[in-house]
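Below you'll find the structure, written out as structure tokens, and then a few comments.
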Amino acid sequence: QGKPALKRPRKTNNGSKLKIIPLGGLEQIGMNITAFEYEDSIVVVDCGLAFPEDDMPGIDLVIPDITYLKENISKVKGFVITHGHEDHIGALPYVLKEVNAPIYSTKLTLALISNKLKEHNKFNCKITKLKEVKHGQVINLGDFAIEFIKTNHSIQDASALAIYSPVGIVVHTGDFKVDYTPVFGDAIDLQRFAEIGRKGVLALMCDSTN
């Protein structure tokens with residue numbers, strides 16, 4: 001089964017810079033959300049919440065500060081979600097109220113997100129566009145092309161992302177384990193990681209706790 005032809009970003013680099021902006025998830029557990037920006041395009045990877053620490057009495061959930069996204073809302077092309085755990089999807093009902101953009105992910109992850117949006121009664125699925133992506137598929141969002149790569153995790157349908165920009169490729173692993181005998185589904189697509197590595201990778205953003 002061959003890989004689909006990759007659509008490269010339309011632009012070539014004209015001196016502009018790729019910005020990688022963590023809005024949560026670094027030096028902490030949970031609240032994973034990162035913005036990738038090139039010129040007039042922003043793609044947001046994951047949109048999770050965190051659970052309160054001992055020094056946060058009366059707080060039920062911690063959601064990311066999305067002021068930067070609200071200030072640049074015209075640039076936001078969509079949310080790309082790696083998998084369906086709360087620390088990667090839990091903030092979506094709150095964030096979509098301020099920044100309503102299409103959501104791209106795999107089938108199970110989208111089902112979990114859809115259920116969450118219905119529970120919160122903030123939006124229904126007819127308003128927030130949920131777009132299913134299969135592993136190996138490439139989507140174009142503004143100046144970015146994003147490829148979904150099969151990985152294994154403690155939840156099904158997890159993905160890594162190869163984010164193609166005019167200045168180079170960023171690999172975002174999502175949360176993963178290398179499992180050659182998963183209970184359900186296929187093993188992690190290490191061959192595709194190798195192929196992308198041979199092309200040359202500008203940056204690797206890798207699963208890590210704290």
Side-chain angles (χ1 to χ4, degrees), residues 21-26 28-36 42-135 137 139 141 146 148-161 172-177 182-185 207 209-210:
I21 307 164
L23 302 175
L26 290 190
Q28 65 184 159
I29 296 175
M31 206 162 66
N32 295 284
I33 177 171
T34 306
F36 292 80
I42 292 177
V43 172
V44 185
V45 174
D46 290 334
C47 188
L49 52 74
F51 295 101
E53 303 289 341
D54 293 338
D55 60 351
M56 300 178 183
I59 302 298
D60 295 321
L61 302 170
V62 185
I63 62 174
D65 182 346
I66 57 160
T67 302
Y68 187 79
L69 298 182
K70 289 192 288 184
E71 290 174 348
N72 294 276
I73 193 167
S74 63
K75 296 183 179 183
V76 178
K77 305 303 180 185
F79 293 88
V80 182
I81 309 298
T82 60
H83 67 281
H85 278 155
E86 283 294 296
D87 57 331
H88 293 258
I89 68 170
L92 278 169
Y94 308 99
V95 171
L96 289 172
K97 186 170 64 172
E98 307 282 349
V99 182
N100 190 15
I103 300 170
Y104 300 83
S105 195
T106 49
K107 187 173 185 177
L108 175 62
T109 307
L110 284 186
L112 293 169
I113 292 169
S114 174
N115 192 54
K116 183 173 291 295
L117 297 182
K118 289 174 184 175
E119 283 179 359
H120 281 258
N121 292 320
K122 299 288 185 184
F123 290 86
N124 62 43
C125 297
K126 293 178 181 177
I127 298 174
T128 300
K129 294 180 181 177
L130 304 180
K131 305 206 172 187
E132 182 181 338
V133 184
K134 298 182 184 299
H135 290 123
Q137 188 176 344
I139 59 172
L141 295 175
I146 300 169
F148 281 66
I149 304 167
K150 178 76 176 74
T151 57
N152 300 126
H153 187 33
S154 56
I155 189 171
Q156 182 59 21
D157 256 5
S159 306
L161 307 171
H172 187 301
T173 67
D175 292 355
F176 75 100
K177 61 179 177 177
V183 174
F184 182 83
D207 173 17
T209 299
N210 288 328

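Everything quoted here is computed from the prediction, not taken from an experiment.
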Mind checking the OG1-CD1 spacing from T34 to I21? Nearest 0.5 Å is all I need. 10.0 Å
Please enumerate all residues that pass side chain to side chain donor-acceptor pair (under 3.5 Å) together with N152, with sequence neighbours excluded. none
Given the rule in the side chain to side chain contact (heavy atoms under 4.5 Å, CB included) test, do L161 and F148 qualify, once you have shown the distances and angles that lead to the verdict? CA-CA 5 Å; L161 307 171; F148 281 66; 4.0 Å; yes
Looking at every non-hydrogen atom in both residues, tell me the closest pair between V99 and I73 and how far apart they are. CA-CD1, 4.0 Å
Provide the closest heavy-atom pair for Q156 versus G185 in the form atom of the first, atom of the second, distance. NE2-CA, 4.3 Å
Output every pair passing salt bridge (charged side-chain N to carboxylate O under 4.0 Å, His left out) with a member in residues 71-96, not counting sequence neighbours, ordered by first then second residue. E37-K75, E86-K116
List the residues meeting side chain to side chain donor-acceptor pair (under 3.5 Å) with T109, not counting sequence neighbours, and say none if there are none. T106
How long is the span from the CG atom in L92 to the CD1 atom in I103, to the nearest 0.5 Å? 4.5 Å
Nearest heavy-atom approach of K70 to E98 is CD-OE1, 3.4 Å
For residues 48-57, pull every pair meeting side-chain hydrogen bond (donor to acceptor under 3.5 Å, both in side chains), keeping only residues two or more places apart or in separate chains. none
For H172, the ring pair (Phe, Tyr, Trp, His ring centres under 6.0 Å) test, sequence neighbours excluded, returns none
Taking the side chain as everything from C-beta on, heavy atoms only, tell me whether N32 gets closer than 4.5 Å to T82. no
Listed pairs under 3.5 Å, donor-acceptor, residues 58-67 side chains, sequence neighbours left out:
| from | atom 1 | to | atom 2 | distance (Å) |
| --- | --- | --- | --- | --- |
| D65 | OD1 | T67 | N | 2.9 |
| D65 | OD1 | T67 | OG1 | 2.5 |

With sequence neighbours excluded, what pairs up with K131 under the side chain to side chain donor-acceptor pair (under 3.5 Å) test? none
Decide yes or no for I146 and L141: does some side-chain heavy atom of the first lie under 4.5 Å from some side-chain heavy atom of the second? yes
Atom of S114, atom of L130 and distance for their closest heavy-atom approach: CB-CD1, 3.7 Å
Inter-residue atom distance I33.CD1 - L69.CG, 0.5 Å rounding: 5.5 Å
Could you check whether any side-chain heavy atom of Y104 comes within less than 4.5 Å of a side-chain heavy atom of I81, counting everything from C-beta outward? no
So which atom in G78 and which in A101 form the shortest heavy-atom distance, rounded to 0.1 Å? CA-CB, 3.9 Å
Nearest heavy atoms of T151 and S159, plus distance in Å: OG1-N, 3.4 Å
Rounded distance [0.5 Å steps], CE in M31 versus CG in D46: 13.0 Å
S105: partners by side chain to side chain donor-acceptor pair (under 3.5 Å), with sequence neighbours left out: none
ring-ring contact (aromatic ring centres under 6.0 Å, His included) partners of residues 49-86, not counting sequence neighbours, each pair once: H83-H85, H83-H88, H83-H153, H85-H153
